[in-house]
Every structure is written in C-alpha cells, then in structure tokens.
Amino acid sequence: MHRICRVAAFAAIFLLAGGFGFVPAHAQEPVTIGLVVPLSPPGDPTAGQLIRRGAELALDYYNGKGGVLGGRKLQLSVQDSQGRPEGGVAAYRRVVGEDKAVAVTGFFHSSVNIAANEVAKSMGVPTIGTQTSAADITAKHYEVAFRTHLIDPLRVAAWLEFMQKKGFKRVSMVAETSDYGVGLITETDRQIKEKKLPIELQTLTFDRTSTDLTPQLLQVKAFKPDLLVNVGVGAPMDLMIEQAATLAITPAVPMLVSYDAPIRPQFWQLHPNTGDKLYFIAYYSPKQTLSEIGTWFTKAYEEKYKESPVYSSLNGFGDVAIVAQAVEQAKSTDPKAIIQSLENGKFAFWSSGDVTFPNADGVFWHNFSPPVLILQFQRPGQDWKEAEVAYESGK
Amino acid sequence: MNGAAPILETRGLSKRFGGFLANDAIDLSISAGEIRGIIGPNGAGKSTLINLMTGVLQPNSGDVLLAGESLVGRKPHEIARKGLVRSFQVSRIFGNLSLLDNLRAPLLAAVSTRDVRAEGVAKAHRLLERLGLARLADAPAKTLSGGQRVLLQAAAGFMMPSLSCYLLDEPFAGVNPVIKDQLIELIEEESRARGLTFVIVSHEMAVMRRLCRKVTVLIQGRIVAEGSLDEIASRADVIAAYLGRSFA
Amino acid sequence: MWSLELFTQALIAGVVIGVIYALMALGITFIYSIVKMINWSMGEFYMLGSYAQYLIVAYWLGPDLWYVAAILSAATVFFVGWLIEPILIKPMFTGGIERRDDYATVVTIALLLLLRNLATAISGPYQRTPGSNLPGVMLGPLPESGARFAAFLAALAAIALFTFLLKRTWLGLALRATSQSRVGAQTAGVDVLSLDKIAFGIGVGLAGLAGALLAPVFMVYPTDGVVTTTKGFEIIVIGGLGSVPGALIAGVALGVAESLGATFIASAYQNAYGFVLLLLVLALRPSGLFGERLRQA
C-alpha cells in the first residue's frame, strides 16, 4: 500500500510542478484566450516563454482595469506546441474545445500556425500569428486567420535589397526543414529570378533536431560565399553561429541571422567571441515611438524581469491586447462576432499607430507587418540597441 | 540419535501457496558434518523446502535455524554469507563470464579482505584443475557442456568463503556417469577435508545410497520417514506413497 | 561536390560526435543490463549534468577547470541516481509488482516530466552555456572546436575507465555477475538491491557526464538531453542491448552514417540516415550487432 501512496505523492508533486500558469477562476465567468507557444524542443522554448511573458502582462493590464465586457476577467490557456504541427493542432483543439477560448494566439513556428489554421477553419475560433512568417498563413484567405508579423516576401525583399546594397554576389542559405526555413528558401529563389538579381544562391537544409551542422557548413565552406544566411530557429541557430566560427567560415564570411534572436539578453553569454560583426533581422527599433499601452508594457516588463522587453514579448502582449479590444468592440465572446470586429476595427498595439486587418490581396490578407531592420553588432558584448542599422525597410 | 549438535534445523516450517500446502510443519535436524539426502516424488515440496531455508521464499509459519540462529526474514545474499549455500536444479552459472570469474564471484561474499580473495583465487585454480577444466579457465562458461556446467555450479558453491552447509538441489539430474563420479568424489573430499554439512535432494537412489547414511522422505509436504535408505526402502507405506500415483 | 578532403572531414566529424553519443548509450545499456529496466528519464539526467556543469563553471571554478567540473557534475548526478533508485526503482523488485517493465516505464516517464518541469520553472526561458577557453584544433583537414574535441577525448577516457572498472575490479565482477543472473548473484552472496543503487547511479552518472561535456558545445536548457537520448536509444538498438563494445562501435557507425549521408546525399535527412542504418541492422541481425539472441536465466 505504501508504494501506491508513494506513486500518488509523486503524481501530486508532478502536477504541481506542471500545472503552473493557470490563472485561478474568478467569480464572474472569465474570458479565456488561448496561447499556443513552443515551450520545449524541437520548438524554440525561449521564444515561447518570451511570448508568454508578454501575454501575461497583457492580462495584468486589462484585468487591472477591471477586465472586459463590464467586469469579466481575462485568463490564458497556455499550451505547448513543441514547435510541431501536430502539437499545434492538439493544442488548438484543447484550448478551443476544452477551455472555450475566444481566440488563439502566441504562434511562433509557421508550420504550427498553418496546421492550427486548418482546424480553426472548421472550429471557427480565430487565430493571430504572433511571430510566424510563412505566406500560407494568410495567403489562403481563411476567415479565421490573422497575423501581426513580418511575412516572408517582405523579409526576403529586405535581405535581397541589403545584399544588393552590400554587393554580396554568392550567398549560402542554410535553413531548417520547416515551413519557415523552406518558405524563405523558396521565396528568396523566386524573387532573385523575378527581379533578375546577379546573386548566385546555394541552399542547404537541416533537420531541426540536428546536433551537428558540420556536413552543411563544410559544403558552405567549399562554395566560398560572400554571405551566409542562418535560417535556424532556436538551438540550431546558436549551433550554426558556433560551428561556422569553428570551421573558420566566419568572420571572413559574414553571417546574417534570419530573425531577432540576437537581441535576447542571453546572446552574448552564449556567443561571447563568435557574435561579433553578426548581421540580424529585427522588427523593432529602440528609436521607435511606442503607443500608450506599449509604454506601460515596457515599464511593467522592466520592473518584473529586470531587463528590456524584446519583440517576442512585445508582440505577445500586443496580440492579447488586440483580442481583448476585439472582445470589447464586439460586446460578445462569440468567435464570429470577434472575427467581425477584427476585420473592421482599429486596435491599439505596442507600436504607435493603429493596427487593422484589411481583406487585402494575397499574403497581405488579415495581416499587419511591423517594420523590418537589419542590424549589425560592432563589437563583442554590444547592447543590441546600439547595434548599427545596416538596413531599414523603406529607406 | 546422532551425537553432534544440529547445524541446520527447521521447526514447524510451513508454506502455503493459495489453497495448497507445499510444506506442512517440517521438523528437520541436520548434524554438523552430516550428508543428508532428501527424497520424495515430484511435487512433494523438496524445492520449496530449500527455497524456504535459503530465503528465496518466506514461510507462513515455523523457523529455520543455522547454528542456532534464526534465518527467517533474512535476504538470500545474507543467508549465503552466513554459510548456508545452495545450488540450483537448473544451473545458474554466469554464461558470459569466464570459468574463473564464475568461481571468483562467490568471493564477493567475503566483505573482507584482500587475503581471503587472493587465497580464493588460488583455490579457484585448484578446483578447475581438479575438475579437469583448467585449460578452459578463461573461456566463457556458456561454452561448457551440460555436465561441465553442473560441475562448475557445484564448484562455485565450494568457493563461498564462509561455507558451512551446502544444499544441492538435484545435482545429478541428466548428468553422465563420468561427471556424476567426479561430483560425488568432490563432495566426499570436501566433506572429509572441511567437515562440511550437505543436504542433497535427488532421485538417484544409487548415489544416495553411496553418499548419505540418512535420508528424509518428503511426501505431500510432510516428512513421512527418516533413516538409512535400506530401512526406508523396506517400509511398505513409503513405497506405496512414493509409487502410489503411477501404479495405483 | 565530392572531394577526398570533404569526405575525410565528414568522416572525422562523424567519429567525434559518434563517440560522444556512445557515452549516453553506455549509460542506458548499463542500467538495463543490471537493473533490467529501460530508464526513460536518461535525458533528464543528462540535463542535470549539463546544469551542474554550467553552475560549477560559471559560479565557482571557471572554464579552465572544466574537467574538474565535469567530474564533479558526473558525481553529483551519480548521487542523485543513487538516492532516487531506492525510492522509485527498488519497489519493482521488492513490492511484488507483476508487470515490472510497465512499472519502470511509468515511473521513469513521471520522473522525466517532473525533472523537466522543475528545470523549466527554476531556470527561466534562457539557454545558458558554461563557455570554454579551449582553442580550436585541426583534426587532419577538419577544424574542430576545442570544447567538442575535449568532450570527445573525455568520452573516450570515460569509456576506457568504465571498461576497466567492469573487467578488472571486484565491483565490476559483481556487476557482470548480476547482469547475467540476479538469482545466481544473490546465491553468491551479492546484495543485488544495493548493487542496483550503484548501477543506477553509474548509469545516470554516464548520462550526466555526457551532459557536462557537451554543455559548452550545445546549449544548456531544460530539454537539452532529448536529442542525445534519442541517439543513445538508436545506438543501443544498432549495437545490441547490454553490449559495451556494441555501444561504442554503433555510436561511431551512427555518427559517421549521419555525417556522410548529410554531406553527400541530402543534408535535410541527417537524422534519417541513422534510422536507415538501424532498420538495416534490425533486418539482418534483429538483436543488434553485438546483442545476444536470448539471455541466459
């Protein structure tokens, strides 16, 4: 009998440890927002937790003001997608089916968002892509699909302009085999052909669970490129920075990281010697003016976590804020009404200026894109806010 | 009555499996230096008795005493270390270990010192020599024939540093006459040289007659007779019970 | 794209990573051969080792004493295993449990989730690294990072030490005897239940050592052991459960297959080449390269 007790005690401890993150129920029935984020590999757990931090502070903001719909509190249902499409589908089903979420956001991996949208189409509860860039998320024109992140064509246009400006003629792209990685390879190839650019492109792919990118990088070395584009997400992105340096590809060949991971506080701790002169995409310039709620958020975040918020957290906050506003404007928790208000309303976001989701053409359907920048570190340990702006969209 | 003090005793030892009484109040007393035979038909409870004495099974009631000390509740390895050692009907040699390692393994029971172990290794070599297995000392035990495995298992028991009483469960089953003789001689030698006590469970009457001055007959979990094999063989009730099922 | 230089480079890279994977496989296979259970939480003991290495290097010894830190980390994980075994694993033998495999699976998966969630809760969102001051080396034509090469050498040394312990010491004899027959070992006076504690500790200690050695090569985060564990299980199937040389040879074979496949066939399927090798071995030798068809009782 004592053995069973032991196992039960164990189960209890486990549930305690695993069950954090749920806001306790309030007297009046709360309004649930689904948050599907990667919290474990092969997803990018850092991104997932940063988005979650933002989303939780959005809850603090609105609940601190008395909630929505005349006093109903907001709560999150957080689910781990593990960065896998099937994980994302299961997570979407759970937050909508069991927890009755009125909208689902937090998406970081494109393939997860794409897969969840297929289910969303039939279940009817809208999704907002927080940091997903593949075209298909909005290009399919699903009524339920929304997004507040930089889309592939804009990102690719940005780095092709950057390559032109810098005179890079031979470019290696090493990308993960996901909708994100393969999407970017395809789009880059397409735009080079369409715009007849004088760029010779080498493309290599790797599985996201790879622990050794030596085979890919040896081929890069043999190709002798002018620029190496690192299209890894999470741990493989870090690995590529290290291994490219080991194989003496960098710093002779500069590297461009395809998203804003280098602005995370951990970056210099992970790459004290190898991060110098790195180019990377960012979606947020510290010189940017923030909205009223964006300013509140930045202060609250710095107070709580003793560091500056990064884009993932800002967008996590912004997307939950949009859902809260959409519920208010719809005066209802009915998903159909929320979709209506998302399509027609104007929403405050962390950046200045209102966010709208017009029924626009192609990939711009239901889409709001942040500005895109390419930054470059000038010395090891440099604060990303002081990194040189190597490229800025529209300039 | 034997004059020497009993080294191994059971008092009212009983073991029940569900509704089946495998051992029913067994009182057994074995003197130091004795070679005792235990016979009985299949299912009489002989193996259960050995398992109870060596701690593999726990009795429902009764006691097992080794040199006056109760063994009930002790774990098998503790009982082995106290000097009550057993062999198995199906040989439990370590197939992937060399013959020498098979004989060194019991030296692990010597919590003790370098000396005992060094001495033990010399003894292991002597035993292998004695059994004609010396040239195979470094070969894995699984390459041995069935009979050689029996010899090796029996020899391993003699390697236990604290051995005082050795329980052999069907050591002669399916063994050819040459090996059988080797094993008998080994038992007799060790008995003489070290004054060891043996309890041998066997169906081989010829061997029992040669080795054991006294045998105990176990039938349906009870002791029904004790004495020399010739005395017992003359008792009609034993023969009837022993042969009963197949001839009745 | 083929060139002899590229081939040699890929081959060496494969051998280096393969030996490191073998260390993990050794831990899994060792626990199996003594305690007769698959420990599904091996990756979490790897993770404990990597965090221990990070903490010891970052807050105490500094990266120059990485090898002292690695020994301390492995020892820490050994003690965690040694303490956990009697609570979680021992009931498998003493509690009258009938379906031991099921019990071991449930218990170790619960342990996996507990450790992972605790690590996530305590360590926050960021990855960490203990860092390394070791200069890069040239292995023939292949430039290799100092940390990875050090991990390779240390893994080889650990495997040699482990083999010595197993073959040349009395503890090793007890472990080998117990792996052959628990009952036989008990009869020879071996206290198998306390030996289980040591065996479980050594097995998870090997995983912890792998975690400590790889901490500066990969990052340190709550699920950093998942990939290495997956490789470890693949290696065991290829090499045969319970075989030490099998783990080493299969580890190198897996590393080389993945490296060459990714370089010369298609890099996207790097992980698939290991599975192809695995399926091939299963088809030709279902019990693995060095596995035994049936174990003796």
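Any value given below was found using the heavy atoms of this structure, including those in side chains, with hydrogens, waters and symmetry copies removed.
- Residue contact with chain A, scored on non-hydrogen atoms closer than 4.5 Å, is absent for C/V220.
- One distance of note links CG of A/D80 with OG1 of C/T120; it measures 9.0 Å at 0.5 Å rounding.
- For chain C, the nearby part of A/Q243 is the side chain; its heavy atoms alone come within less than 4.5 Å.
- For residues 136-151 of chain C, heavy-atom neighbours of chain A at less than 4.5 Å comprise C/L142, C/P143, C/E144, C/S145, C/R148, sorted by residue number.
- One finds the CG atom of A/D207 at 4.5 Å from the CG atom of C/N271 (value rounded to the nearest 0.5 Å).
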Q | Pair C/Y221-A/T46, side-chain hydrogen bond (donor to acceptor under 3.5 Å, both in side chains): steps then yes or no | A | CA-CA 9 Å; C/Y221 48 92; A/T46 306; over 6 Å; no
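- Within the model, atoms OG of C/S267 and CG of A/L218 stand 11.5 Å from one another, a figure rounded to the nearest 0.5 Å.
- For C/V226, no part sits under 4.5 Å from any heavy atom of chain A, backbone or side chain.
- Heavy atoms of A/A248 lying under 4.5 Å from chain C are absent altogether.
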**Q.** Intermediate values then yes/no, side chain to side chain contact (heavy atoms under 4.5 Å, CB included), C/F218 and A/L239
**A.** CA-CA 7 Å; C/F218 305 133; A/L239 191 63; 3.7 Å; yes
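- Listed options C/E258, C/R116, C/Q9, C/E5 were ranked by heavy-atom pairs under 4.5 angstrom with chain A; first place goes to C/Q9.
- For residues 307-315 of chain A, a heavy-atom distance under 4.5 Å to chain C picks out A/E307, given by residue number.
- Contact annotation for A/T214: only side-chain heavy atoms (C-beta onward) come within less than 4.5 Å of a heavy atom of chain C.
- Using a 4.5 Å cut-off between heavy atoms, A/S210 contacts chain C through both its backbone and its side chain.
- Side chain of C/Q270 to main chain of A/P215: no donor-acceptor pair is present (N/O by atom type, distance under 3.5 Å, no hydrogens or angles).
- Heavy-atom pairs under 4.5 Å with chain C were tallied for A/L39, A/L247, A/N273, A/L204; the largest tally goes to A/L247.
- A/E242 places no side-chain N or O within 3.5 Å of a backbone atom of C/V217 that could act as its donor or acceptor partner.
- Side chain of A/Q266 to backbone of C/Q127: a donor-acceptor contact under 3.5 angstrom is found.
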